[in-house]
Amino acid sequence: MSDYNIIDLELTQLSGQTSQPPWKQENDEYREVVIVEGVPVLFKAHELNKSIEFSYEFPLNSDFHIKKSILDKKASEIFDLDFNLSKFYKYLNQDEKLAEMTSFCEGLRLFLAKDKFESILSSICSANNSIVRWTKSIDLIKEKWGKSYEFPSGTFYGVPSLDAIINSFEDDQEEFDNCDFPDISLCENNLKACGVGYRAPYMKKATEILSLEMDFGEISKMSYDEAFDTILKLPGVGPKVADCILLYGFNFREAFPSDVWIKRIVSHLYFEGKDIKVPKIREFGMEEFGDYAGYVQLYLFHYARRSGLMNELKK
DNA sequence: CGTCAGGTAAAAA
DNA sequence: TTTTTACCTGAC
C-alpha cells in the first residue's frame, strides 16, 4: 500500500460528519451493521499503522455469504479510501492559508453515508445542535424503530424504514393519546423522547415528503444545484443542512456546508476578520475550492478546533 | 438560574 | 428581499 490512502480512523469517526453517528467502539474496533445487497453485515474497522482494515460478521443462524471483495468495496466507499489524500495535501500546501491545516488533520477523511435516509435524519437532527446530542438521538431512534440484528459480537440496530418514522409519535402527548398507558410519564416511544426537540415534526414531515415525492436514486443523478434546490424543500432543511446531506449523504463533494464556525474561520483566513454573511461564505467556498470544497470545509473546521483558532475566534 | 450550541421557519422590518 | 426572533434540550 502506498501512503496516499492513510486514514486516522478515530479522528474520522469522531469528527461529527452528519452521515451517521460514530460506529460502536469496542477495544480498537469500530463496528456497525451495514446492509449490502439486502443482507445485514456487521462491519468491523480497525486502524493499523494509519491504514484501515476490515473484518465482517454475518447474523447468527443465517447462511448469508457475500464475497469479501464486495464488502471491502462498500467499506472503501464509506471511508472514502479512494480519495488521494497526498494529492489533496499538495493542493493545500499551495495556499499558505491552508498549508498549516494538514499537520492538524492528517488522515481525516470523509465518513460517507452507509444509508442515505440515515444521513438525512442525522443532518436535520444536527441543526442548531451539538454533536453529542444529535448522535445520541439518532442512536436512540435506531434502537426504537430500527430492525435489530444479532451478530456473534452482539445486537446492532439498522436504520428505521421511512414508514416507521412516518408512523412514529412526535411527543409524549401524542403517544399518550394513542396508546392505553395509565400514565403519560410511561411514554418514551416517541421522537421527542429521543431528545430531538423541536426537530421532531421536521423529521416526520421530511420523511413523508421523501416517501411520497422524492427518490434517492433521482437525487443522486441530479446536478448539485438541482439536488440542492430539491432537498431544500424538506422541512428542517436549510442551506447548511442541505449541503451536509449532499456532501455526507450523496457524495456531492463540491458542497461547502457553511455554518457560523465556517463563517468565522473563512472570514478570519480570507477576509481579514470582516463579517461576511453565511451565504457569501458558501459561494466563496464553492468557487475557491471546487471539487475539494467538501474536504476543505471538513479540514477547516477540525483545524480550527485542534489548533486553538476556534477559541480565539469565540471572543 | 442565564447562556449557548456546527440553523431553520416564521414574523417583522 | 433582508433582518430579527423563538425554539427543544442538556451542559456549564
Side-chain angles (χ1 to χ4, degrees), chain A residues 11-22 105 108 110-111 119-141 168-175 184 187-188 190-209 228-249 255-269 275-283 285 293-315:
Chain A
L11 176 57
T12 300
Q13 279 288 312
L14 304 181
S15 55
Q17 302 181 52
T18 63
S19 53
Q20 59 207 295
C105 310
L108 175 60
L110 279 179
F111 183 32
S119 76
I120 294 174
L121 289 181
S122 298
S123 300
I124 292 176
C125 196
S126 75
N128 193 26
N129 208 341
S130 70
I131 297 175
V132 229
R133 217 177 97 213
W134 76 254
T135 56
K136 202 179 288 177
S137 292
I138 297 298
D139 281 335
L140 276 172
I141 286 172
S168 68
F169 300 122
E170 277 181 23
D171 52 26
D172 288 354
Q173 191 60 54
E174 193 185 355
E175 184 180 351
I184 193 167
C187 295
E188 48 184 30
N190 61 78
L191 287 171
K192 275 203 181 178
C194 299
V196 305
Y198 56 77
R199 303 161 193 84
Y202 298 159
M203 295 169 90
K204 249 183 98 162
K205 282 176 198 149
T207 305
E208 283 169 13
I209 296 174
F228 184 81
D229 292 341
T230 302
I231 60 169
L232 211 50
K233 292 177 190 144
L234 297 172
V237 176
K240 156 68 169 36
V241 170
D243 274 332
C244 283
I245 293 173
L246 291 182
L247 176 60
Y248 305 121
F256 191 73
S258 302
D259 53 38
V260 53
W261 280 113
I262 292 300
K263 165 201 158 115
R264 288 173 188 159
I265 298 162
V266 171
S267 297
H268 170 76
L269 289 176
D275 180 43
I276 314 286
K277 299 283 175 272
V278 172
K280 286 284 170 200
I281 297 285
R282 173 172 173 266
E283 280 175 37
Y295 258 95
V296 172
Q297 191 270 6
L298 186 60
Y299 272 61
L300 280 173
F301 185 74
H302 292 282
Y303 158 69
R305 221 157 77 146
R306 290 184 143 193
S307 69
L309 174 60
M310 201 168 260
N311 287 327
E312 200 179 307
L313 294 177
K314 256 180 197 168
K315 297 164 197 168

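Protein chains get the first letters and strands the later ones, always in sequence-line order, with residue 1 at the start of each. Computed from a predicted model, the values in this text were never measured in an experiment.
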For atom [atom1], what is the distance between [N] and [M], given to the nearest Å?
N      : M     : atom1 : result
B:dA11 : C:dC8 : P     : 14 Å
B:dT3  : C:dT5 : P     : 14 Å
C:dA11 : B:dT8 : C1'   : 22 Å

Would you mind classifying the nucleic acid contact of [X] as base, sugar-phosphate or nothing, using non-hydrogen atoms under 4.0 angstrom?
X      : answer
A:F301 : base
A:S15  : base
A:P235 : sugar-phosphate
A:G197 : base
A:V241 : sugar-phosphate

A:Y198 (side chain) and B:dG7 (base): donor-acceptor pair under 3.5 Å
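Yes, a donor-acceptor pair under 3.5 Å.
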Within this structure, what is the [atom1]-to-[atom2] distance between [X] and [N], rounded to whole angstrom?
X      : N      : atom1 : atom2 : answer
A:L232 : B:dG7  : CG    : P     : 16 Å
A:R199 : C:dC7  : CZ    : C1'   : 9 Å
A:W134 : C:dG10 : CH2   : C1'   : 17 Å
A:L247 : B:dG6  : CG    : C1'   : 14 Å
A:K240 : B:dA5  : NZ    : C1'   : 11 Å
A:K280 : C:dT1  : NZ    : P     : 14 Å
A:L298 : B:dG6  : CG    : C1'   : 12 Å
A:L191 : C:dT9  : CG    : P     : 12 Å

Could you identify which residues of residues 123-133 of chain A place a heavy atom less than 4.0 Å from some atom of DNA chain C, listed by residue number, or say none?
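Contacting residues: A:N128, A:R133.
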Could you please name the partner base of B:dC4, counting Watson-Crick and G-U wobble pairs only when both distances are under 3.5 Å?
C:dG10
Atom OG1 of A:T18 and atom CG of A:L121: how far apart are they, to the nearest 0.5 Å?
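Reported to 0.5 Å precision, the distance equals 11.0 Å.
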Give, for atom CD of A:Q297 and atom SG of A:C244, the distance between the pair rounded to the nearest 0.5 Å.
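A:Q297 atom CD to A:C244 atom SG measures 6.5 Å (nearest 0.5 Å).
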Side chains of A:D243 and A:Y248: do they bring a donor and an acceptor to under 3.5 Å?
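Short answer, no.
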Between A:S19 and A:Q17, is there a side-chain donor-acceptor contact under 3.5 Å, judged purely by atom types and distance?
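On atom types as modelled, these side chains do not qualify, holding no pair under 3.5 Å.
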Show your reasoning for whether side-chain contact (heavy atoms from CB on, under 4.5 Å) applies to A:T135 and A:Q20.
CA-CA 7 Å; A:T135 56; A:Q20 59 207 295; over 6 Å; no
Closest-nucleotide 5' rank along DNA chain B - winner of A:G236 and A:W261
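Nearer the 5' end of the strand: A:W261.
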Parallel under 30°, tilted from 30 to 60°, perpendicular over 60°: which one fits the rings of A:Y295 and A:Y299?
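Rings of A:Y295 and A:Y299: tilted, 30 to 60°.
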Distance-only, no hydrogens or angles: does the A:K204 side chain make a donor-acceptor pair with backbone N or O of A:S168 under 3.5 Å?
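At least one qualifying donor-acceptor pair exists.
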Do NZ/NE/NH1/NH2 and the carboxylate oxygens of A:K192 and A:D172 come within less than 4.0 Å?
no
Ignoring the backbone of A:K277, work out which of C:dC7, B:dA9, C:dT3 is nearest its side chain.
C:dT3
